[in-house]
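Each chain gets a letter, A, B and so on, in the order its sequence line appears, and its residues count up from 1.
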Amino acid sequence: MAKPSIPKGTRDFSPGELKKRNYIFNTIKEVYERFGYQQIETPSMELLSTLMGKYGEEGDRLIFKILKRGEKLNSALSLSGDLEKNSETKLSEEALRYDLTVPFARYVVMHQNEITFPFKRYQIQPVWRADRPQKGRYREFYQCDADVIGSNSLLNEIELIQMIAEVFGNLRVPVCIKLNNRKLLEGIAEVIGERDKMIDITIAIDKLDKIGLDQVNAELLERGLSASAIAALQPFLHLKGNFAEKMNVLKASMQQSEIGKKGIEEIEFIFNQLDSLDFSKMHASAGIELELDLSLARGLNYYTGAILEVKAKEVEFGSICGGGRYDDLTGIFGLKNVSGVGISFGVDRIYDVMEQSGKSFETAKEKPRVMIVNFGGEEMTMCQKYTHQLRNAGIRAEYYPDASKLKKQLDYADKNEIKYVIFAGSEEIANGRVKVKTMNSDQAEQHLSIEEFIHQIHP
RNA sequence: GUGAUUGUAGCUCAGUCGGUUAGAGCGCUAGAUUGUGGAUCUAGAGGUCGUGGGUUCGAGCCCCAUCUUUCACCCCA
């Protein structure tokens, strides 16, 4: 007998887990709504052409392609040689969505005539990646995106950062919000004379606290940077201190780079504005910090301005939230000059972080449940009527479906955290009063009419 | 894609140097208790030791392959 299984990197969610997950979803959703974002959904699958080339070479490889079926598959097979390089894209024309940002860009272009810009949307849906699963990495997971599209204002960046602080404050998860700017990174590459090596530089810098300075420099050399460029980079690698101190170093060394100066201007505006809003003071008690982190690279190649990433302080985990500004994502789909900025929470990782650091999940105060014992026979019709009455009064009520032994029925009530068990046998029905047992309490059994009972627990 | 790692009852795991009939706890079913759950006691069901080959008189244990689990790198939520 083959045991059933599920695809790797996917999970079942049992009632207990789902309650906790929903607590996180609801927290995020509440903040999004409160900040004026509107929900949309897009299909689980997109055309492969919509997704390909948007996430870099690595990303393309991780897209779950959907095999063509039937006649189309047969003709594709006969046309493409087995070893042909592009055979994957020839055998597939659809794919599961890889993230929510690119489908959103596609949505904006397709619905541009109905949308009033700036458009603030949020979207909470699963995405799929053909990755090797490991700690904190799944092949199916949820993203919770909020984006503003059609506005260049840096006030959007500020609002998104405030939303991040709200969400993690409400969840009571201390985090560090790391902020950087793509223009700053480009500026650095420019002033050290290796403008086209910007990606290599940021990937190497990203590893600074993992592999150390010497290794980083070795890797830079390996990636083809000149010795003089590496020497010129050192001040940036040694960047330390508070925001103002970092800023002074950057300003001093960025005189020759227009794009670098622009990056400094943007990041300074965001920090200063948040400062005058007392952002740090407001969220300090929740353990939420904001810092400028030059080592933050973020692989997605469509970011052009601010980039941000959030890490939990209590547990070592990948980033649990990320985002940034993309100036021309819709341009690929034919709508020019529309800038967007957004963030994305990774619910699955937030859940893992909360579990591992022993956080309490404030599951919603649930209404008490009521179960009516099933004695079988004629009484059951009356019991169904009682159940109907209870449900109409907004009470979570059910009857046990089988006339099983009482032990079994009460055991069910116990395991399911049902608070009240109602006995309505022939005697009770005859005198119009049911017997109510309150589980997990010393309270004596009560004899009440069903109306009195409803009034008692739901006045 | 690279390198490790795991698999024995529904679940968590023992299983000695390769040796006779593969164990425990939890869970499940039933009873002790005829219309009252949780605690206790008793009994019972439940296994092709991931799968397929091989070595051996003999394999849960050794070898090969394959699938699976988990982890690191890469990348990322």
Over all strands shown, is A:Glu428 touching base, sugar-phosphate only, or nothing at heavy-atom distances under 4.0 angstrom?
base

Relative to the ring of A:Tyr107, is the ring of A:Phe119 parallel (under 30°), tilted (30 to 60°) or perpendicular (over 60°)?
parallel

Counting only distance, no hydrogens or angles, is the base of B:G37 paired donor-acceptor with the side chain of A:Asp414 under 3.5 Å?
yes

Applying salt bridge (charged side-chain N to carboxylate O under 4.0 Å, His left out) between A:Lys178 and each of A:Glu309, A:Glu289, A:Glu291, report the one that passes.
A:Glu291

Between A:Ala424 and A:Ser344, whichever has its closest RNA chain B nucleotide further toward 5' is A:Ala424

Does the ring of A:Phe345 lie flat against the base of B:A77, closer than 5.5 Å centre to centre with planes under 30°?
no

Which nucleotide sits closest to the side chain of A:Arg61: B:G37, B:G1, B:C75?
B:G1

Taking the nucleotide of RNA chain B with the closest heavy atom to each, which residue, A:Pro7 or A:Asp131, is nearer the 5' end?
A:Pro7

Under a 3.5 Å cut-off for both distances, is B:G23 Watson-Crick or wobble paired, and to whom?
B:C13

So which nucleotide from B:G35, B:A30, B:A77 ends up closest to the side chain of A:Phe375?
B:G35

Can you tell me the Watson-Crick or wobble partner of B:G46, both distances under 3.5 angstrom?
none

For B:U55 and B:C74, measure between their P atoms and round to the nearest Å.
44 Å

Where the side chain of A:Asp411 is concerned, which of B:G35, B:G37, B:C75 is the nearest nucleotide?
B:G37

For the side chain of A:Lys437, starting at C-beta, report the closest nucleotide among B:A77, B:G37, B:G35.
B:G37

Checking contacts here: which listed nucleotide (B:U69, B:U29, B:G37) is nearest the side-chain heavy atoms of A:Lys408?
B:U29

In this structure, how many angstroms lie between the C1' atom of B:A77 and the CD1 atom of A:Ile28, rounded?
11 Å

Taking 4.0 angstrom as the limit, do A:Arg11 and A:Asp348 come out as a salt bridge?
yes

Out of B:A72, B:U69, B:C76, minimum distance to the side chain of A:Arg132 belongs to B:A72

Whole-Å distance between B:C76 C1' and A:Phe141 CZ?
7 Å

Per the atom types in the model, does the base of B:C76 pair as donor or acceptor with the side chain of A:Arg129 at under 3.5 Å?
no

What is the nucleic acid contact for A:Gly136, judged by heavy atoms within less than 4.0 Å: base, sugar-phosphate only, or nothing?
base

With a 3.5 Å limit on both atom pairs, tell me what B:A32 is paired to, counting Watson-Crick and G-U wobble, or say none.
B:U40

Provide the distance between the two P atoms, one in B:U5 and one in B:C62, to the nearest whole Å.
13 Å

Can you find a side chain N or O atom of A:Gln134 that sits less than 4.0 Å from OP1 or OP2 on B:A72?
yes

Look at the side chain of A:Gln409 and the base of B:U36, then say whether one donor and one acceptor between them are separated by less than 3.5 Å.
no

Parallel, tilted or perpendicular, judged at 30° and 60°: which one describes the rings of A:Tyr326 and A:Tyr302?
perpendicular

Six-ring centre of A:Phe317, A:Lys135 cation under 6.0 angstrom, axis tolerance 45°
yes

NA contact type, A:Lys8, heavy-atom cut-off 4.0 Å: base, sugar-phosphate, or nothing?
sugar-phosphate

If you only use heavy atoms from C-beta on, which nucleotide in B:A77, B:U36, B:C75 is closest to the side chain of A:Leu406?
B:U36

Rounding to an integer number of angstrom, what distance separates B:C71 and B:G10 when you compare their C1' atoms?
27 Å

Using only side-chain N and O atoms of A:Lys135, determine if any of them is under 4.0 Å from OP1 or OP2 of B:C76.
no

Checking all strands, does A:Tyr142 fall into the base, sugar-phosphate, or nothing category for heavy-atom contacts under 4.0 angstrom?
nothing

Lys/Arg N to Asp/Glu carboxylate O, A:Lys54 vs A:Glu46, below 4.0 Å:
no

Centroid separation A:Phe25 to A:Tyr142 less than 6.0 Å
yes

